[in-house]
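Notes for the one structure printed next.
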Amino acid sequence: MLILQTLENGVLTLTLNRPEKLNAFTFEMVLELAQAVEEGHSKAQARVLVITGAGRGFCAGQDLSTFSVSGSVEETVQKTYNRLILAIANGDKPVITAVNGIAAGAGANLALAGDIRVWSSAARFTEAFSSIALIPDAGGTWSLPRAVGYHKAFELAALAEVLDPQTGLELGLCERVFAAENFALEVQAYAEKIAARPANALTLTKRAMRAGMTLRLEESLALEARLQAQAFEDPDHREGISAFLEKRVAVFPQTKAL
Ligand code: T3D
């Protein structure tokens, strides 16, 4: 199995499983992960998806030892990496990329693709592409400038320097850093916190914010109004209000995926 799957307390964890190669991607593996993400978004019991790596690496990017493209490179990238990145961005559920070790090349851009990015203190990040004279793919030319601004993004791509977690935090490449020793447990606990939030509200927030990254203000405001009308109709909204008025903690257990 190139991708391992576990489901615990609403958290579906997808683990890249080629540890001896630092989870470098074969195209078969990218497709298996893309399919697992697509199916995860439709799994009723899954409220949050986590993508992480087995062993000491997160993902070392494309496997360079078996790398060969028969046919069109453009089509291959479209069918593999693009499908994966779109499955993460367009799916209804929050996706957490949990970067346990080195994230290089397409692995770095997979790390960036999550709705929330958490790193281990052992994580490292490098836009390795230019070292083999390629351009960042797997969404890197879109996500990296949005994360750090154009100029820093260009420098990261040009130099392919290896970044540590402190720099990752400062640059906005990740939201949290957890100690390497407890990383899997910390990620599970953190993901369960997200899973306990109102699922439909998070789905609608994801839709509005993802769309907002490319919309004009007027369009974003119109979309917010439309999606807010949907959120208003959700039982979770009534539960949130009741809990506030009754001075108790809200519970959002019954929410169905939209
Ligand atoms: O058409 C297309 O779709 C092209 C798409 C391209 C997308 C890309 O991702 S391009 C970028 C590809 N990735 C890289 O260039 C990174 C290559 N790897 C490295 O630079 C280093 O391995 C790391 C910085 C990631 C980690 O270094 P280190 O010293 O911690 O580990 P290591 O000893 O180099 O690697 C451990 C093993 O993993 C080693 O195997 P061995 O010698 O023990 O049998 C190494 O060869 C293997 N490995 C690491 N990365 C890859 C890999 N094997 C194949 N492909 C890799 N990318």
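Quick note: residue numbers are just sequence positions, from 1. Quantities reported herein were computed from a predicted structural model and do not represent experimental measurements. Order of appearance sets the numbers: ligands from 1, and atoms from 1 within every ligand.
Checked by atom type and distance alone, the side chain of Ser72 pairs as donor or acceptor with a backbone atom of Glu75 at under 3.5 Å. Between the side chain of Asn109 and the backbone N or O of Gly139 there is no donor-acceptor pair closer than 3.5 Å.
In this structure, the ring of Phe58 has its center no less than 6.0 angstrom from the ring center of Phe125.
With Trp119 as the aromatic partner, Arg117 does not meet the cation-pi criteria of under 6.0 angstrom to the ring centre and within 45 degrees of the ring axis.
The aromatic rings of Tyr81 and Phe25 sit perpendicular, their planes meeting at an angle over 60°, well past the 30° parallel limit.
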Measure and list all N/O to N/O distances between ligand 1 and the protein that fall under 3.5 angstrom.
from	atom 1	to	atom 2	distance (Å)
ligand 1	9 (O)	Gln62	N	2.8
ligand 1	9 (O)	Ala106	N	2.9
ligand 1	13 (N)	Ala60	O	2.9
ligand 1	30 (O)	Arg56	NH1	3.0
ligand 1	30 (O)	Arg56	NH2	3.4
ligand 1	31 (O)	Arg56	NH2	3.1
ligand 1	55 (N)	Leu64	N	2.8
ligand 1	57 (N)	Ala60	O	3.1
ligand 1	57 (N)	Gln62	O	2.9

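The hydrophobic cluster containing Tyr150, built from Ile/Leu/Val/Met/Phe/Trp/Tyr side-chain heavy atoms closer than 4.5 Å, also comprises Phe154.
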